[in-house]
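Encoded as structure tokens, the structure appears first; notes follow it.
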Amino acid sequence: MELLELMKTRRSIRKYLPQRVEKEKLLKIQEAGLFAPNPGGRQGTKIIIVDDPELIDRIGVVNANCENRNWDIGVSSDQPSIIDDKSIKSGFYSAPALGIICVDRKRKHAVNNIGAAFVCAQNMVLEAFDMGVSSCIVGRAEATFSFPEMQAILDEWGLDPEYMPMVFVCLGYINGDYPKIKARNDGRALFISKED
Ligand SMILES: Cc1cc2nc3c(=O)[nH]c(=O)nc-3n(C[C@H](O)[C@H](O)[C@H](O)COP(=O)(O)O)c2cc1C
């Protein structure tokens, strides 16, 4: 698909089939994240791919419980989020695979570090979509891993203790119809040009 068309048709998907994503595709999605622009050319992020649905659900329940779910606005009617549907237990929506983008703890609040994590996530969702894999970016990563039993999982994986999760990318095959493109709000685009 042409790149702009891909960007316009990608949606955040929260209904997944249990079908696992092929390892080759997961590795390509990880690689796409590794090639994201990065502040100062430091390549300062680490990207973990978890291909273990049970473990993802376990972490996802903690993730959902880190959110105040009483927002006064809805997120999506066709792909309900944990805000829209309080019966959803996992913040990762039973996705069978998960990307976790990690940043250096010492710089965790630096805007560029946060930005670095999210551009990796964006590269990953676009590469995933291009291969027919659906995705949803999910936050609350720092809160999710703030509990000792959650930190123990990172230790078990061998993540450098200097690093901490900043953002998640749920990955899997969509269950049901793909949602339509959402119209863009008016007034968001300015174009400044010097008259000839
Ligand atoms: C920084 C960021 C954080 C997000 N966090 C969550 C989240 O925690 N849970 C969730 O279900 N969706 C999350 N999303 C997905 C947004 O809800 C989604 O992109 C938005 O509703 C627009 O829908 P679309 O992606 O289908 O166009 C996040 C998106 C971004 C960019």
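Read the numbers this way: they start at 1 and go in the same order the structure lists the ligands and their atoms. Please read all numbers here as calculations on a predicted model, not as lab measurements. Computation of the quantities below employed the complete heavy-atom set of this structure, encompassing side-chain atoms and omitting hydrogens, waters and symmetry-equivalent molecules. All residue numbers refer to positions in the sequence shown, counting from 1.
Distances from ligand 1 to the non-hydrogen atoms of Phe168 include no value under 4.0 Å. Look at Cys136 and you'll find a heavy atom under 4.0 Å from some atom of ligand 1. In this structure, Gln79 falls outside the shell of residues with a heavy atom less than 4.0 angstrom from ligand 1.
No donor-acceptor pair under 3.5 Å is formed between the side chain of Arg105 and the backbone N or O of Val103. For the pair Lys28 (side chain) and Glu127 (backbone), a donor-acceptor distance under 3.5 Å is absent. Side-chain atoms of Asn175 never come within 3.5 Å of backbone atoms of Lys15 as a donor-acceptor pair (strictly under, hydrogens ignored). Asn113 places a side-chain N or O within 3.5 Å of a backbone atom of Arg107 that can act as its donor or acceptor partner.
Within the 4.0 Å heavy-atom criterion, the part of Lys182 lying near ligand 1 is the side chain and not the backbone.
No path of Ile, Leu, Val, Met, Phe, Trp and Tyr side chains, each step under 4.5 Å between heavy atoms, connects Phe168 with Val61, placing them in separate hydrophobic clusters. Ile48 and Val119 end up in different hydrophobic clusters when Ile, Leu, Val, Met, Phe, Trp and Tyr side chains are linked at under 4.5 Å.
Set against the non-hydrogen atoms of Arg10, the atoms of ligand 1 under 4.0 Å away are 24 (P), 25 (O), 27 (O). Less than 4.0 angstrom separates some heavy atom of Arg11 from each of these atoms of ligand 1: 24 (P), 26 (O), 27 (O). Close contacts of ligand 1 with Arg140, meaning ligand atoms under 4.0 Å from a residue heavy atom, involve 8 (O). Here is the list of ligand 1 atoms found below 4.0 Å of a heavy atom in Tyr93: 9 (N), 10 (C), 11 (O).
From Asn65, atom CG reaches atom OG of Ser90 across 10.0 Å, with rounding to the nearest 0.5 Å. Between Lys25 atom NZ and Asp51 atom CG the span is 13.0 Å, to the nearest 0.5 Å.
The shortest N or O to N or O distance between Phe118 and ligand 1 is not below 3.5 Å.
For atom 21 (O) of ligand 1, the nearest non-hydrogen atom of the protein is Val75 CG1, 3.7 Å. Among protein heavy atoms, atom 19 (O) of ligand 1 sits closest to Ser12 OG, 3.2 Å. Protein heavy atom at the shortest distance from atom 16 (C) of ligand 1 is Arg14 NH2, 3.7 Å.
When the heavy atoms of Ile137, Asp78, Asn63 are ranked by distance to atom 29 (C) of ligand 1, first place goes to Ile137.
Atom 31 (C) of ligand 1 is not flagged as protein-proximal [any protein heavy atom, distance under 4.0 Å].
Checked against the 6.0 Å centroid threshold, Tyr178 and Phe129 count as a close aromatic pair.
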